[in-house]
Student: 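Handing you this structure, nothing more for now.
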There are 2 protein chains.
Amino acid sequence: MAIQYKKVSDAVIKRLPRYFRYLAELKEANVQRISSGVLSEKMGLTASQIRQDFSCFGGFGQQGYGYNVESLHSELKKILGVDKGFNTIIIGAGNLGQAIANHSKFEKRGYFLKGIFDLDAKIIGKKINGLEIMNMDSLPDFLRKEKVDIAIITVPREVTAEVADLAASLGIKGIWNFSAMDIKVPDDVVVENVHLSDSIMVLGYRIKNN
Amino acid sequence: MAIQYKKVSDAVIKRLPRYFRYLAELKEANVQRISSGVLSEKMGLTASQIRQDFSCFGGFGQQGYGYNVESLHSELKKILGVDKGFNTIIIGAGNLGQAIANHSKFEKRGYFLKGIFDLDAKIIGKKINGLEIMNMDSLPDFLRKEKVDIAIITVPREVTAEVADLAASLGIKGIWNFSAMDIKVPDDVVVENVHLSDSIMVLGYRIKNN
DNA sequence: TAGATTGTTAATCGATTAACAATC
DNA sequence: TAGATTGTTAATCGATTAACAATC
């Protein structure tokens, strides 16, 4: 029942947002309770795995009943940190950076955009989703004043390493990296890579071999 | 030495684009050969794993020498299908769809954008990266004429299932899904999900627990 | 040749699945 | 109460790592 006795494995962590999504859907559909068996069919997992996964964080269910959708959803919210939320900035206001800035869904999930930065004088000052694109020069000052958890990096490949180092040195806790390049930063900064071209290449491979 | 005796595991497949990226970098830096040991240090894997991975596709190396960068790169190119390439369309020309359309990197990796489709009359006809946004109505005709392998789906959540079914019924071989929703299509269509909000939530979890 | 490094077999480790007592 | 379903322990499966003979 306590919180996290042993290290939760990567495989489990990656399934958490998916559970969270399905629970949100069930909640929206006014489903009150769900068993691991029924959820497993919906999600294409085994019931066993679902119970194992949840048991990493303590028991949320009840024998003979299953899981209360509302309360399981809210537990996941806490586990994922969505309840307290995270502050973010975007570095690199190109097409992708702007698309992410406009993606209001993230705010709903507890990721609040606090600033957008770029080097290009032509777009500095332009407003995206209510925020003015700022000059990269003002980033250090900005981060000294504002509490920002996550830097979303959408800059060209050539400057990725430099920007990541800068963000890390300014106290950012996590980097969401969209560059087709692996980032190396100290252990106190967490990196999550998106690597879109890796993803489409996996798709290509699978098409070829399907 | 033959091609693929047994099914290659998911874990291996997901590492392939990463190998491909590192080999491209080495090639660019004019490195002629590399051993699994040196590559493993660069990539943060074990040398054993690298040799195991490559051996799924036949032996590309030479005892006492290692791997020839150029030829290993070109083998990976073939394995991933990048040599022959894939034709793609984008369905949903919102912020994200347009950002992907403008991302010229994909063309370099063998993913050729052939059309962009949307429902919104206000943007139909607008040119993105040299291609006019077309009306969704013209999609069936378009797919009958053009050989398209991949549909990149960047539509709002509510219409994702419908659009995916349509694409599948029109002979698309693979779907690259950016919607925060799992897609169900017949087995002859491959789906690769990006799920950006899942990804940022994993980052949030890791920050909280780092 | 001697040294280096592969491809592969065997050993280990970790994740998933199965089974079941506990209990709502 | 009887039936359902959990949380957890044990069994299985698969992926990673280690070891080494083969050989360039």
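Every heavy atom of this structure was used, including side-chain atoms; hydrogens, water molecules and symmetry mates were not. Here is the naming used below: chain letters follow the sequence lines, and residue numbers restart at 1 for every chain.
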Student: Tell me if a side-chain donor or acceptor on A:D118 pairs with a main-chain N or O of A:A93 at a distance below 3.5 Å.
Tutor: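 Checked: pair present.
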Student: Considering only heavy atoms from C-beta outward, does the side chain of A:D198 approach that of B:R21 to under 4.5 Å?
Tutor: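 In contact.
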Student: Within the structure provided, determine whether A:L26 and A:L39 are in side-chain contact (heavy-atom separation under 4.5 Å).
Tutor: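 Sidechains of A:L39 and A:L26: in contact.
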Student: Between A:N68 (CG) and C:dC24 (P), how many Å, whole number?
Tutor: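 Whole-Å distance recorded here is 16 Å.
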Student: Using whole Å, what does the distance between atom C1' of nucleotide C:dT6 and atom CD1 of B:I34 come to?
Tutor: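 The distance from CD1 of B:I34 to C1' of C:dT6 comes to 15 Å, rounded to the nearest Å.
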Student: Return the value, rounded to whole Å, for the distance between atom CG of B:D53 and atom P of D:dT17.
Tutor: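 So the two atoms are 10 Å apart, to the nearest Å.
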Student: Only stems of 3 or more consecutive Watson-Crick or G-U pairs count here, both distances under 3.5 Å; name the ones for DNA chain C, or none.
Tutor: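 Consecutive-pair runs (3 or more) involving DNA chain C: C:3-24 with D:3-24.
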Student: Calculate the interatomic distance between A:Q62 atom CD and C:dT23 atom P; express it in whole Å.
Tutor: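 The answer, rounded to whole Å, is 13 Å.
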Student: Could you give the CZ-to-P distance, from B:F54 to D:dT17, as a whole number of Å?
Tutor: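 Nearest whole value for this atom pair: 15 Å.
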Student: Does a nitrogen or oxygen in the side chain of B:T46 sit under 4.0 Å from OP1 or OP2 of D:dT16?
Tutor: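 No, because none of the side-chain N or O atoms of B:T46 sits under 4.0 Å from OP1 or OP2 of D:dT16.
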Student: Anything under 30° is parallel, anything over 60° is perpendicular, the rest tilted; go ahead and classify B:H73 against B:F20.
Tutor: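 Because their plane-to-plane angle is under 30°, the rings of B:H73 and B:F20 count as parallel.
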Student: For DNA chain C, whose closest nucleotide is more 5', that of A:Y65 or that of A:S48?
Tutor: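 Between the two, 5'-proximity favours A:S48.
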Student: Any non-hydrogen side-chain atom of A:I91 less than 4.5 Å from a side-chain atom of A:I152?
Tutor: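 SC-SC contact between A:I91 and A:I152 ruled out.
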Student: Do A:W176 and A:N193 have side chains that get closer than 4.5 Å, going by heavy atoms?
Tutor: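 No, too far: nothing below the 4.5 Å cut-off.
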Student: May I ask you to check whether B:F142 and B:F117 place their ring centers less than 6.0 Å from one another?
Tutor: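 Between B:F142 and B:F117, the centre distance is under 6.0 Å.
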Student: Above 12 or not: heavy atoms from other molecules or residues under 6.0 Å from NZ of B:K147?
Tutor: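 For B:K147, atom NZ is crowded (more than 12 foreign heavy atoms under 6.0 Å).
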Student: Where is the tightest heavy-atom contact between A:V155 and A:G92, given as atom of each residue plus distance?
Tutor: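 Looking at all heavy atoms of both residues, the shortest contact is CG1-CA, 3.7 Å.
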Student: Can you confirm if the NZ or CZ of B:R33 lies within 45° of the ring axis of B:Y67 and under 6.0 Å from the centre of its six-membered ring?
Tutor: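 Judged by the rule (NZ or CZ under 6.0 Å from the ring centre, within 45° of its axis), B:R33 is not positioned above B:Y67.
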Student: Specify the separation, in whole Å, of atom CZ of A:F60 and atom P of D:dT8.
Tutor: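 Taking atom P of D:dT8 as the reference, CZ of A:F60 is at 11 Å.
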Student: Is there any protein nitrogen or oxygen under 3.5 Å from a nitrogen or oxygen in nucleotides 13-15 of chain C, and what are the pairs?
Tutor:
none

Student: Please report the distance, rounded to the nearest Å, between CD in B:Q52 and P in D:dT16.
Tutor: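 Value for this atom pair: 9 Å.
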Student: Looking only at the side chain of A:Q63 (C-beta and beyond, no hydrogens), which of the listed nucleotides C:dT17, C:dT5, D:dT6 gets closest?
Tutor: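 The answer is D:dT6.
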Student: Looking at side-chain heavy atoms only, is the closest gap between A:F178 and A:I153 below 4.5 Å?
Tutor: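 When only atoms from C-beta onward are counted, A:I153 and A:F178 do not touch, as no gap falls below 4.5 Å.
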Student: Would you check, one step at a time, whether the test side-chain hydrogen bond (donor to acceptor under 3.5 Å, both in side chains) holds for B:N129 with B:N102?
Tutor: CA-CA 6 Å; B:N129 204 7; B:N102 279 311; 4.6 Å; no
Student: Could you tell me whether the phosphate oxygens of C:dG7, OP1 or OP2, come under 4.0 Å of any side-chain nitrogen or oxygen in B:Y67?
Tutor: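 So the side chain of B:Y67 is within the cut-off, an N or O lying under 4.0 Å from OP1 or OP2 of C:dG7.
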Student: So if I take residues 16-31 of chain B and measure heavy-atom distances to DNA chain C, which residues fall below 4.0 Å?
Tutor: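 Hits under 4.0 Å, by residue number: none.
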Student: Return the nearest nucleotide to the side chain of B:R51; candidates are D:dG7, C:dT17, D:dA19.
Tutor: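 So the nucleotide nearest the side chain must be D:dA19.
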Student: Could you state the atom-to-atom distance from CD1 of B:I50 to C1' of C:dT5 in whole Å?
Tutor: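 After rounding, the gap between these two atoms is 13 Å.
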